[in-house]
Protein chains: 2
Amino acid sequence: MELLAVSLRAYYADFTEAAAAENLTASQGKTLSVLRQGPAAMRVLARTLSCDASNITGIIDRLEKRGLVHREPSPTDRRVKNVVLTPEGERAVDAIRANMHATMAGLDALDDAERATLHDLLSRTFEAAAVTA
Amino acid sequence: MELLAVSLRAYYADFTEAAAAENLTASQGKTLSVLRQGPAAMRVLARTLSCDASNITGIIDRLEKRGLVHREPSPTDRRVKNVVLTPEGERAVDAIRANMHATMAGLDALDDAERATLHDLLSRTFEAAAVTA
DNA sequence: TATTGTTATACTCTATAACTATA
DNA sequence: TATAGTTATAGAGTATAACAATA
């Protein structure tokens, strides 16, 4: 339990730091992480990141201005815009993840399998902050 | 592990919600929680909450304007100001905590001892976000 | 000289409400 | 009518740099 508490504290701080190293805020890093799993509509992002849809507009605006994502119209519903990660966006996510893996590697008390389990738990907890019950 | 992940997600969301019920942001609730353990200098708060000292000025300004805390000069160092919880401030923290205990009580899979351990872990993880390693 | 707290500044995140264009 | 995305707005958090008072 103590190890987990320490790990969690370190994880949150390190994610923010790893994102900052890429000149990204935690919210931006989190958004890019979500998009790494595939394109998502604005509305879906809002639900996943559990914030109002109007916030996503601003967050995506800033990411798009930097060429990390781009909007493309949905072929099936002309109201919907899908947000897609650009190659630079993928590179940014991977850079953050590489940094996080270095953090995990620092937990000497764990073996590789435990480390993998813990990393999975932490990232799911962090990225899926929404409680959809 | 899965239970813990779910609990953590719920805890973060519920803390924010419990604070919002008292018309407080998560940062304000967190600050009050820290002060519940006793008065603290501005500089100490900044370190504990792992943010720049200049932010604390604003956070305490807003809490003081609402009568939840007040600044008092340190008797030993005239540069230092100690922030103290007022009775209303204590009431607010207790209201948040009562709400959180209700959340913990909802975890039916746990017995009382496990619940206490988990609550302690979660609150320490949440309140002490700083990694002083 | 170094430290404490503050101020000024600028940016990001956040929710609410009102709008448009679709469905 | 309802939904997706945007805009306008206002408040809160955040870091940086510069400052006065004190150590």
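Both backbone and side-chain heavy atoms feed into the values below; hydrogens, waters and symmetry mates do not.
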C:dT14 C1' sits how many Å from B:Glu17 CD, rounded?
-> 16 Å
Rounded to whole angstrom units, what separation is found between the CG atom of B:Asp61 and the P atom of C:dA8?
-> 12 Å
A:Ser27 and A:Thr25 side chains, donor-acceptor separation under 3.5 Å | no
Could you check whether B:Ile59 gets within reach of a base, just the sugar-phosphate, or nothing at all, counting any heavy atom under 4.0 Å?
-> sugar-phosphate
Can you tell me the distance, in whole Å, between the CZ atom of B:Arg47 and the C1' atom of C:dT4?
-> 11 Å
Taking the side chain as every heavy atom from C-beta outward, state whether A:Arg97 and A:Arg36 have any pair of such atoms under 4.5 Å apart.
-> yes
Would you tell me if any nitrogen or oxygen in the side chain of A:Thr25 comes within less than 4.0 Å of OP1 or OP2 on C:dC13?
-> yes
Atom CG of B:Leu45 to atom P of C:dT4: distance rounded to whole Å?
-> 13 Å
Select from B:Asn82 and A:Ser27 the residue whose nearest nucleotide in DNA chain C is closer to the 5' end of that strand.
-> B:Asn82
Please work out if A:Arg43 contacts a base, only the sugar-phosphate, or nothing of the nucleic acid, heavy-atom cut-off 4.0 Å.
-> base
First encountered from the 5' end of DNA chain D, between A:Met42 and B:Asp52 = A:Met42
So does A:Glu88 pair up with A:Arg66, basic N to acidic O under 4.0 Å?
-> no
Most 5' of A:Ala53 and A:Gln28 on DNA chain C, judged by nearest nucleotide = A:Gln28
Report the C-alpha separation of A:Val69 and A:Val84 in whole Å, then their side-chain angles, then the decisive distance to 0.1 Å, and conclude whether the side-chain contact (heavy atoms from CB on, under 4.5 Å) test is met.
-> CA-CA 5 Å; A:Val69 304; A:Val84 187; over 6 Å; no
Nearest whole angstrom, please: distance from the C1' of C:dA15 to the CG of A:Asn55.
-> 7 Å
Nearest-Å distance for atom pair CD1/P, residues B:Ile56 and C:dT6 | 10 Å
Can you check whether B:Arg43 reaches B:Arg79 side chain to side chain, under 4.5 Å on heavy atoms?
-> no
Atom CD1 of B:Ile60 and atom P of C:dT4 are separated, to the nearest Å, by 16 Å
Between the NE2 atom in A:His70 and the CD atom in A:Glu64, the distance rounded to the nearest 0.5 Å is 8.5 Å
Classify the side chain of A:Ser54 versus the base of C:dT16 as yes if they form a donor-acceptor pair under 3.5 Å and no if they do not.
-> yes
Span of DNA chain D in contact with chain B (heavy atoms, under 4.0 Å) | D:dA12 to D:dA23
Atom pair CG (A:Asn99) and CG (A:Asp94), whose distance is rounded to the nearest 0.5 Å | 12.0 Å
Would you call B:Arg71 and B:Asp61 a salt bridge, taking side-chain N to carboxylate O under 4.0 Å as the test?
-> yes
Validation row: B:Leu49, B:Asn55 side chains within 4.5 angstrom (heavy atoms) = no
Near-strand residues of residues 67-76 of chain A, defined as heavy-atom separation under 4.0 angstrom from DNA chain C = none
First locate atom CD1 of B:Ile59, then atom OG1 of B:Thr31, and finally report the distance between them rounded to the nearest 0.5 Å.
-> 4.5 Å
Indicate, yes or no, whether a donor-acceptor pair under 3.5 Å links the base of C:dT22 to the side chain of A:Arg78.
-> no
